[in-house]
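Computed from a predicted structure; not experimentally measured. Atom set for the values below is all heavy atoms of this structure, side chains included, hydrogens, waters and symmetry mates excluded.
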Amino acid sequence: MSAIRELRHRLPAEIGTWLRPFDEDLATAWRSCPRADWLVHIALQLGVGRTTVVHATAELVSAAVASRRVPDLRVNRALVITLKWLSGRALGSEAWAAGFSATDIADGLSDQRDAAAARAAGCLAFACDDDADPGFYAHRAYAAAAAAHATVALDAVDDAADRVRSFVPLHLVLDRVADWEPPSRRERIPTPIEPTPNPFYR
């Protein structure tokens with residue numbers, strides 16, 4: 001099985017189906033992908049560096065939070081802690097604590113886009129994880145969840161995808177494809193019957 005076909009099997013079904021007509025032409029798919037969260041899922045499955053993915057998503061989430069001006073400072077704190085984690089000045093545990101606070105705030109917001117901005121900040125903070133197994137990290141895809149929520153908050157699908165592409169250049173993605181070695185069937189972690197619950201997609 002080729003790397004691209006294997007990639008399609010590892011992505012959420014909706015993305016894998018969308019990718020199928022592109023066959024082996026991931027470059028065209030990357031350039032034309034309509035959704036930021038799909039781009040992040042692809043990058044995560046290919047093993048693009050976590051800081052690169054989080055940085056790209058942070059730019060999108062920052063725009064979402066700024067556009068909504070959620071009154072509770074704990075949402076901004078989740079974003080600030082994420083930026084500190086990116087520069088090595090905060091631990092993943094600090095980011096997770098801030099992420100839980102931000103998602104708690106989201107549950108109390110009546111405006112859908114305000115709540116999406118808060119959830120985006122929370123999910124982004126959960127993506128600050130140096131220790132998770134690569135397969136688990138890609139499967140949980142907190143950065144992709146953050147991108148999805150940020151897109152809702154911004155109400156700008158095309159702009160959101162372009163923001164991600166500007167921070168994860170095509171050559172980096174293609175380099176990862178060239179280096180990517182999917183595990184053998186014997187080594188592969190079985191796909192769960194039901195996806196791991198993700199309370200941050202709402």
Side-chain angles (χ1 to χ4, degrees), residues 3-4 6-8 10-12 14-16 18-19 26-27 29-31 33-65 78-96 98-99 102 116-117 119-154 157 159-182 196 198 200-201:
I4 302 301
E6 177 70 20
L7 174 64
R8 287 206 315 265
R10 289 175 169 271
L11 288 164
E14 185 180 20
I15 310 173
W18 175 81
L19 269 176
L26 185 60
W30 184 262
R31 292 190 194 101
C33 183
R35 288 178 47 172
D37 56 321
W38 290 6
L39 291 168
V40 175
H41 270 295
I42 292 169
L44 288 171
Q45 285 295 340
L46 288 173
V48 172
R50 295 179 191 187
T51 55
T52 298
V53 173
V54 173
H55 186 192
T57 312
E59 295 295 327
L60 182 59
V61 174
S62 295
V65 170
L79 185 55
V80 168
I81 293 294
T82 295
L83 297 176
K84 287 185 175 181
W85 178 83
L86 283 169
S87 62
R89 295 181 293 121
L91 299 174
S93 56
E94 296 175 82
W96 272 65
R119 288 196 181 96
C123 290
L124 184 67
F126 291 130
C128 299
D129 190 343
D130 294 308
D131 299 323
D133 171 85
F136 178 79
Y137 187 83
H139 175 69
R140 290 302 284 131
Y142 286 117
H149 289 306
T151 300
V152 172
L154 288 167
V157 175
D159 180 63
D162 287 340
R163 283 177 184 266
V164 171
R165 273 187 286 264
S166 69
F167 284 91
V168 186
L170 175 60
H171 73 82
L172 179 59
V173 174
L174 296 181
D175 286 348
R176 292 304 304 150
V177 172
D179 295 338
W180 196 51
E181 294 184 8
T196 303
N198 190 337
F200 309 110
Y201 273 119

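When the side-chain hydrogen bond (donor to acceptor under 3.5 Å, both in side chains) test is applied to Trp85, the partners found at least two apart in sequence or on another chain are Asp130. For Ser93, the side-chain contact (heavy atoms from CB on, under 4.5 Å) criterion is met by Leu91, not counting sequence neighbours. For Leu174, the side-chain contact (heavy atoms from CB on, under 4.5 Å) partners at least two apart in sequence or on another chain are Ala27, Leu170.
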Determine whether Leu39 and Val168 satisfy the following criterion, side chain to side chain contact (heavy atoms under 4.5 Å, CB included), listing intermediate values before the conclusion.
CA-CA 9 Å; Leu39 291 168; Val168 186; over 6 Å; no
Yes or no on side chain to side chain contact (heavy atoms under 4.5 Å, CB included) for Ile42 and Trp30, after CA distance, side-chain angles and deciding distance? CA-CA 9 Å; Ile42 292 169; Trp30 184 262; 4.0 Å; yes
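Panel note: side chain Arg119, backbone Ala148; no donor-acceptor pair is recorded below 3.5 Å. In this structure, Arg176 contributes its side chain and Leu46 its backbone to a donor-acceptor pair below 3.5 Å. Side-chain atoms of Thr57 come within 3.5 Å of backbone N or O of Val53 as a donor-acceptor pair.
For the atom pair CG (Leu44) and CZ (Arg10), the distance works out to 13.0 Å, reported to the nearest 0.5 Å. For the atom pair CD1 (Ile81) and CH2 (Trp96), the distance works out to 15.5 Å, reported to the nearest 0.5 Å. Taking OG1 from Thr151 and CG from Asp159, the interatomic distance works out to 9.0 Å, rounded to the nearest 0.5 Å.
Using a cut-off of 4.0 Å between Lys/Arg side-chain N and Asp/Glu carboxylate O, Arg35 and Glu14 are scored as salt-bridged.
Between Tyr142 and the options Tyr137, Phe136, Phe126, a ring-ring contact (aromatic ring centres under 6.0 Å, His included) holds for only Phe126.
In this structure the side chain of Cys33 reaches within 4.5 angstrom of the side chain of Arg165, judged on heavy atoms.
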